[in-house]
Amino acid sequence: MQIILALIVGAALGLAVHFLVAHRGTRGAAVAPMVGALSAGLVWTILTWAGVGLDSPWLWLSMFVVPLAVTYPMLIVLSRVRVARDAAERARLKIG
C-alpha cells in the first residue's frame, strides 16, 4: 500500500521538474509526472522485491532521488530533440 506514496511523490517531483526545464511548451504537461511516477513506483517495487523493508531509509530515499535522476535528463533530451526537429521541419517547409 505504501507504493501509492512513491507514485504520488514521483508524480509531484516530475511535475516540479516539468516547470524547471526549459521549453516546456514543446512537450505534454503529463509527460514528466508520468515518468516520475513510473520511475518511483518501479524502484519501490524492485527494492521491496529485493527484500528491503519499510524501515529502511534507502527505500524512502529512493522515491525522492530516482524520479529526479530519471526525469530531469529525460526532459532535457526530449526538449532538445523536439526543438531541433521543429527547426528542421520549419526549414524544410520554408516557414520562418
*Asks:* Locate the shortest heavy-atom distance separating Val70 from Pro73; write the atom from each residue and the value.
*Replies:*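 Heavy atoms of Val70 and Pro73 come nearest at O-CD, 3.5 Å.
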*Asks:* According to salt bridge (Lys or Arg N to Asp or Glu O under 4.0 Å), does anything in residues 70-85 pair up with another residue at least two apart or in another chain? List the pairs.
*Replies:*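 Residue pairs passing salt bridge (Lys or Arg N to Asp or Glu O under 4.0 Å), neighbours aside: Arg82-Asp86.
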*Asks:* Using the side-chain contact (heavy atoms from CB on, under 4.5 Å) criterion, which residues pair with Leu68? Sequence neighbours excluded.
*Replies:*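 Listed in chain order: Leu13, Val17.
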*Asks:* Transitive ILVMFWY cluster of Val83 at side-chain heavy atoms under 4.5 Å: who else is in it?
*Replies:*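 Members alongside Val83: none; it stands by itself.
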*Asks:* If a pair satisfies ring-ring contact (aromatic ring centres under 6.0 Å, His included) and one of its residues is in residues 59-96, list it, with sequence neighbours excluded.
*Replies:*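 Sorted result for residues 59-96: Trp44-Trp60.
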*Asks:* Hydrophobic cluster mates of Val81, side-chain heavy atoms under 4.5 angstrom, ILVMFWY only, any path?
*Replies:*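 For the cluster that includes Val81, the remaining residues are Val77.
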*Asks:* Mind checking what makes side-chain contact (heavy atoms from CB on, under 4.5 Å) contact with Trp49, not counting sequence neighbours?
*Replies:*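 side-chain contact (heavy atoms from CB on, under 4.5 Å) list for Trp49, sorted by chain: Thr45.
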*Asks:* Can you get from Val9 to Leu38 by hopping between Ile, Leu, Val, Met, Phe, Trp and Tyr side chains that sit under 4.5 Å apart?
*Replies:*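 In one cluster: no.
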*Asks:* What pairs of residues pass the salt bridge (Lys or Arg N to Asp or Glu O under 4.0 Å) test when at least one of them lies in residues 54-74, not counting sequence neighbours?
*Replies:*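 Counting only pairs at least two positions apart or across chains, no salt bridge (Lys or Arg N to Asp or Glu O under 4.0 Å) contact touches residues 54-74.
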*Asks:* Which heavy atom in Ser39 sits nearest to a heavy atom in Val66, and how many Å separate them?
*Replies:*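 That would be O-CG1, 4.0 Å.
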*Asks:* Can Met74 be reached from Ile76 by stepping across I, L, V, M, F, W or Y side chains whose heavy atoms are under 4.5 Å apart?
*Replies:*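 Yes, it is one cluster - the side chains of Ile76 and Met74 are joined through contacts under 4.5 Å.
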*Asks:* Do you reckon Leu7 sits in the same ILVMFWY cluster as Leu15, going by side-chain contacts under 4.5 Å, direct or chained?
*Replies:*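 No.
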*Asks:* For the residue pair Pro67 and Ala40, what are the closest heavy atoms and their distance?
*Replies:*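 Heavy atoms only, the tightest pair is CG-CB, 3.6 Å.
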*Asks:* From Thr71 OG1 over to Leu20 CG, what is the distance, rounded to the nearest 0.5 angstrom?
*Replies:*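 Reported value, rounded in 0.5 Å steps: 11.5 Å.
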*Asks:* Are Ile3 and Leu59 connected into the same hydrophobic cluster when the rule is that any two of I, L, V, M, F, W, Y join if their side-chain heavy atoms are below 4.5 Å apart?
*Replies:*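 Same hydrophobic cluster.
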*Asks:* Would you say the side-chain atoms of Ser56 pair up with the backbone N or O of Val52, donor to acceptor, closer than 3.5 Å?
*Replies:*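 No: the side chain of Ser56 does not pair with the backbone of Val52.
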*Asks:* Does some side-chain heavy atom of Arg27 sit less than 4.5 Å from a side-chain heavy atom of Val21?
*Replies:*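 Answer yes - side chains close enough.
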*Asks:* Donor-acceptor pair, Arg24 side chain versus Phe19 backbone, under 3.5 Å?
*Replies:*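 A pair under 3.5 Å: yes.
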*Asks:* Who pairs with Ser62 by side chain to side chain donor-acceptor pair (under 3.5 Å), at least two apart in sequence or on another chain?
*Replies:*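 Per chain and number, Ser62 pairs via side chain to side chain donor-acceptor pair (under 3.5 Å) with no residue.
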*Asks:* Counting only pairs under 3.5 Å, give me each side-chain donor-acceptor contact of residues 28-36, with atom names and distances, residues two or more places apart or in other chains.
*Replies:*
none

*Asks:* What about Leu54 and Met63, same hydrophobic cluster or not, with Ile/Leu/Val/Met/Phe/Trp/Tyr joined at side-chain heavy-atom distances under 4.5 Å?
*Replies:*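 Yes, because Leu54 and Met63 connect within a single hydrophobic cluster, where side-chain heavy atoms sit under 4.5 Å apart.
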